[in-house]
There are 2 protein chains.
Amino acid sequence: MLSALEEAGLYIAKWAEQNSGGSLTDCPVRGVLDRISDKWSMLLVMTLADGPRRFNQIRREVPDISQKMLTQTLRDLQRDGLVARRVYDTKPPSVEYRLTPMGESIIVPFGHLIEWASENHRRITASRVEFDAA
Amino acid sequence: MLSALEEAGLYIAKWAEQNSGGSLTDCPVRGVLDRISDKWSMLLVMTLADGPRRFNQIRREVPDISQKMLTQTLRDLQRDGLVARRVYDTKPPSVEYRLTPMGESIIVPFGHLIEWASENHRRITASRVEFDAA
DNA sequence: CGGGATCCTAGTTGATACTG
DNA sequence: CAGTATCAACTAGGATCCCG
């Protein structure tokens, strides 16, 4: 039972222990995780995982994102070095977004999380129903 | 290069293809992911990964969470079946939170993500600095 | 086509005070 | 100790209009 915990590599907890006094607040990993865990970043990364996409192409594939959040999230991902933006000087202009090598590397942990979610979302839904009954 | 993508198991993308018309909007995995990706859930799960904790014990370990958000996040995690709450009838009363088996199972994908973050947060920070310079 | 700039709302979070 | 309740602040996000 403990093996799963050990295997997980509890970076945050370890970090807290090693930095007595600093506690969890300053953990550098939290900054990364907070960015990743916004509403759209993960979804856009997974969309681009399938290959480069143009702006309005992404909009069509993720219909419920607003243009503002698409622009903003793509820029944030670019800023973090996960996505590369390439402008083709055609008319009308076309802009292509693709994952950088680092962006592609995050697909793996994302994939694990998605796999977990697909395996457990029924259990979670059932648990919610049961909880709300009480 | 494509092997990483395949290995990731692109559940969301596959789901969209299989459900033509519904697109990504209704993907059941997204509901799970949205819940998990709030500000505190992941951090609390990782805190409880180390073993059961009492309410104020968690507060001390995660100093920058407000009592309101701690209560709320713990209740949400309990509702989703990731955390079990056990009340000991002492005085003053003590309440213990521990991960359920499902809660423990999510540590593994979380661990992968944390590992990724710990490996890349320097690169990300550097990328941000470079981006902001322009 | 690929955005930028505004305005505005709704949900999230924190601070504070109180309770069994 | 382990919460609840209330209020205030903040901000993520959407709607709309505009532009090169």
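Hydrogens, waters and symmetry mates play no part in the numbers below; they use all other heavy atoms, side chains included. Since the structure is predicted, the reported quantities are computational estimates derived from the model, not experimental observations. Protein chains get the first letters and strands the later ones, always in sequence-line order, with residue 1 at the start of each.
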Rounded to the nearest Å, what distance is computed from the [atom1] atom of residue [X] to the [atom2] atom of nucleotide [N]?
X       : N      : atom1 : atom2 : answer
B/Glu96 : D/dG3  : CD    : P     : 12 Å
A/Phe55 : C/dG2  : CZ    : P     : 8 Å
B/Asn56 : D/dA2  : CG    : P     : 5 Å
A/Arg59 : C/dC1  : CZ    : C1'   : 11 Å
A/Leu74 : C/dG2  : CG    : P     : 11 Å
B/Arg85 : D/dC1  : CZ    : P     : 16 Å
B/Asp89 : D/dC1  : CG    : C1'   : 13 Å
B/Leu44 : C/dT13 : CG    : P     : 12 Å

Worksheet item: According to a strict under-4.0 Å criterion, is B/Tyr97 in side-chain N/O contact with OP1 or OP2 of D/dC1?
Response: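 For D/dC1, OP1/OP2 do not have a side-chain N/O of B/Tyr97 under 4.0 Å.
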Fill in: Contact under 4.0 Å: A/Arg75 side-chain N or O vs C/dG4 OP1/OP2
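True: A/Arg75 side-chain N/O within range (under 4.0 Å) of C/dG4 OP1/OP2.
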Is the closest side-chain heavy-atom distance between [X] and [Y] below 4.5 Å?
X        : Y       : answer
A/Phe110 : A/Met46 : yes
B/Val62  : B/Trp40 : yes
A/Val95  : A/Arg54 : no

Discussion item. Counting only heavy atoms not in A/Gln57 (residues, nucleotides, ligands), do more than 12 fall under 6.0 Å from its CD?
Written reply: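 It does: A/Gln57 CD has more than 12 such atoms within range.
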Discussion item. For nucleotides 12-20 of chain D, give me one character per nucleotide, 5' to 3': B if any protein heavy atom sits under 4.0 Å from the base, S if the only such contacts are to the sugar-phosphate, - if neither.
Written reply: -BBBB----
Discussion item. Regarding B/Asp76 and B/Thr73, do their side chains bring together a donor and an acceptor under 3.5 Å, going by distance alone?
Written reply: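 Result is no, nothing qualifies.
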Worksheet item: When the ring planes of A/His112 and B/His112 are compared, do they come out parallel, tilted or perpendicular, using 30° and 60° as the limits?
Response: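 Parallel: the ring planes of A/His112 and B/His112 meet at under 30°.
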Worksheet item: Which one, D/dG3, D/dC1, C/dG2, comes nearest to the side chain of B/Arg54?
Response: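 Among D/dG3, D/dC1, C/dG2, the one nearest the side chain of B/Arg54 is D/dC1.
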Worksheet item: Do NZ/NE/NH1/NH2 and the carboxylate oxygens of A/Glu130 and A/Arg128 come within less than 4.0 Å?
Response: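 Looking at A/Arg128 together with A/Glu130, the answer is no, because their closest N to O distance does not fall below 4.0 Å.
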